[in-house]
Amino acid sequence: MSDQKSFQPSTKVIHSNRSYEKQSNSILFPIHQTATYIHESVGVTKGYGYSRGANPTVNALEQAIAAIEGTASALCFRSGMAAITTLCLATLHAGDHVILSEVIYGGTSRLFHQVLGNFGIDYSFVDTADLEAVASSVRPETRLLFVETPANPTLRLSDIAALAQIAHQHPNLLLAVDNTFMTPVLQNCLELGADISMLSTTKYIDGHNATIGGSLATHNEQLVERLRLVRKTVGTIQPPFDSWLALQGIKTLPARLAAHCKNAGEVAEWLEKHPLVTRVNYPGLKSFPQHELAVRQQKDFGGMLSFELKATTEQTLRFIDSLKLCTCAESLGSVETLITNPATASHCDLSAELRSRLGIGDGLIRLSVGLESPIDLIADFQQAFAVVFGERE
Ligand SMILES: Cc1ncc(COP(=O)(O)O)c(C=O)c1O
């Protein structure tokens with residue numbers, strides 16, 4: 001077989017680092033649903049001791065993720081939030097300071113406001129698209145720059161290569177990127193210079209709304225060992241069955257992403273032309289203020305977009321309720337098109353003033369474009385416009 005490192009992503013997710021089950025030669029790697037492992041004699045194991053530390057099925061998923069991240073190893077966690085929390089527990093001490101993107105998943109800001117802040121971790125939310133603002137926010141005690149790009153839910157982009165340059169002027173400052181919206185298939189943040197790639201595997205990696213999970217990947221093997229220790233200590237490893245489901249999902253990741261990108265592009269262009277739509281945030285549109293950065297940094301534009309209607313908040317919520325095909329549900333990155341109102345869902349913990357300053361107004365709609373035909377999705381929007389605004393086309 002040719003060198004696995006030279007495989008294209010669609011081959012890597014199926015074949016790279018693949019382990020086989022030797023007893024029956026089943027084509028699917030089995031689910032090792034076990035808490036513990038037998039010692040052949042005292043202290044002699046096959047490398048697995050207890051499933052809070054490691055499990056072969058979790059390991060199989062980790063190898064598939066490592067293949068697309070381009071790292072020697074990756075680690076899986078029981079949620080994206082468990083991955084971020086483990087990263088913070090592994091790298092931070094009381095008195096340390098963290099810089100985070102100000103437009104960021106609501107759970108990540110809640111982790112700092114309501115949990116880590118209580119343990120003496122200081123933090124600043126900064127517009128990480130503004131490189132000067134980031135550079136001037138770094139303090140001697142800043143240890144982590146945690147960036148989400150594209151950011152949830154405005155799709156605001158941050159320049160990973162430029163941020164890596166800023167971070168690496170400081171010997172102890174790590175750059176971590178929440179790459180959930182893109183995955184390494186569309187944006188390899190480690191290649192762009194980040195130290196840590198974080199994914200909520202709940203989203204595109206699984207792709208079928210079947211599991212909750214997260215991952216971390218880095219070239220820094222010392223950090224990998226520290227993350228393993230903290231994960232084993234606090235018990236944040238992903239369960240084997242969930243890892244097995246995500247392992248089936250990841251095999252179609254590049255194929256699904258290509259369709260997500262195509263569908264989202266068509267829906268974004270249609271929405272942008274609609275007279276009742278005031279703004280569409282989609283990095284693939286020429287009108288997107290950071291379109292040029294998206295072209296430079298991403299391999300494609302992804303399946304996520306957000307938009308606002310020329311309407312009251314009440315009309316906007318009624319519009320969401322009137323959709324029949326697009327499902328109103330939290331989460332993203334699955335085969336089903338999911339729609340949310342971030343102000344009342346993922347970002348409800350932020351004050352109305354802050355949300356409005358960040359572009360997350362009460363009327364913002366976030367759309368995770370699925371794998372249905374865009375013809376049917378657009379027809380669904382048309383009927384919802386007609387219900388709420390009486391529009392006929
Ligand atoms: C960008 C982003 N990061 C992290 C998370 C948290 O992941 P999980 O729900 O798997 O804990 C989410 C969840 O929606 C997210 O959208």
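Computed from heavy atoms alone, side chains included, the values below leave out hydrogens, waters and symmetry copies. Indexing begins at 1, ligand by ligand and atom by atom, following the structure's order.
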Test log, rule side-chain hydrogen bond (donor to acceptor under 3.5 Å, both in side chains), inputs T180 and D178: CA-CA 6 Å; T180 296; D178 183 336; 2.6 Å; yes
For atom 16 (O) of ligand 1, the protein heavy atom that lies nearest, with its residue and separation: N152 ND2, 3.2 Å
Shortest protein heavy-atom distance from atom 6 (C) of ligand 1, along with the residue and atom involved: Y105 CE2, 3.5 Å
Closest to atom 3 (N) of ligand 1 among T201, I212, D178 (heavy-atom distance): D178
Main-chain N/O of G214 paired to T201 side chain as donor or acceptor, under 3.5 Å: yes
Nearest neighbour in protein (non-hydrogen) for atom 10 (O) of ligand 1: T202 OG1, 2.6 Å
Derivation and outcome, salt bridge (Lys or Arg N to Asp or Glu O under 4.0 Å), residues D300 and K262: CA-CA 9 Å; D300 207 331; K262 180 176 165 295; over 6 Å; no
Under 3.5 Å: N/O of S200 near N/O of ligand 1: yes
Within-4.5 Å side-chain heavy-atom neighbours: I84 and F146: yes
F181-ligand 1 polar pair, N/O distance under 3.5 Å: no
Ligand 1 contact by K203, heavy-atom criterion under 4.0 angstrom: yes
Considering all heavy atoms, the nearest T128-L145 contact: CG2-CD1, 4.3 Å
Side chains of S334 and N209, donor plus acceptor under 3.5 Å: yes
Ligand 1 N/O within reach of M81 N/O, cut-off under 3.5 Å: yes
Ligand 1 contacted by G213 (non-hydrogen, < 4.0 Å): yes
Side-chain donor/acceptor of E336 to backbone N/O of S368, under 3.5 Å: no
Closest approach of any protein heavy atom to atom 8 (P) of ligand 1, naming residue and atom: G80 N, 3.4 Å
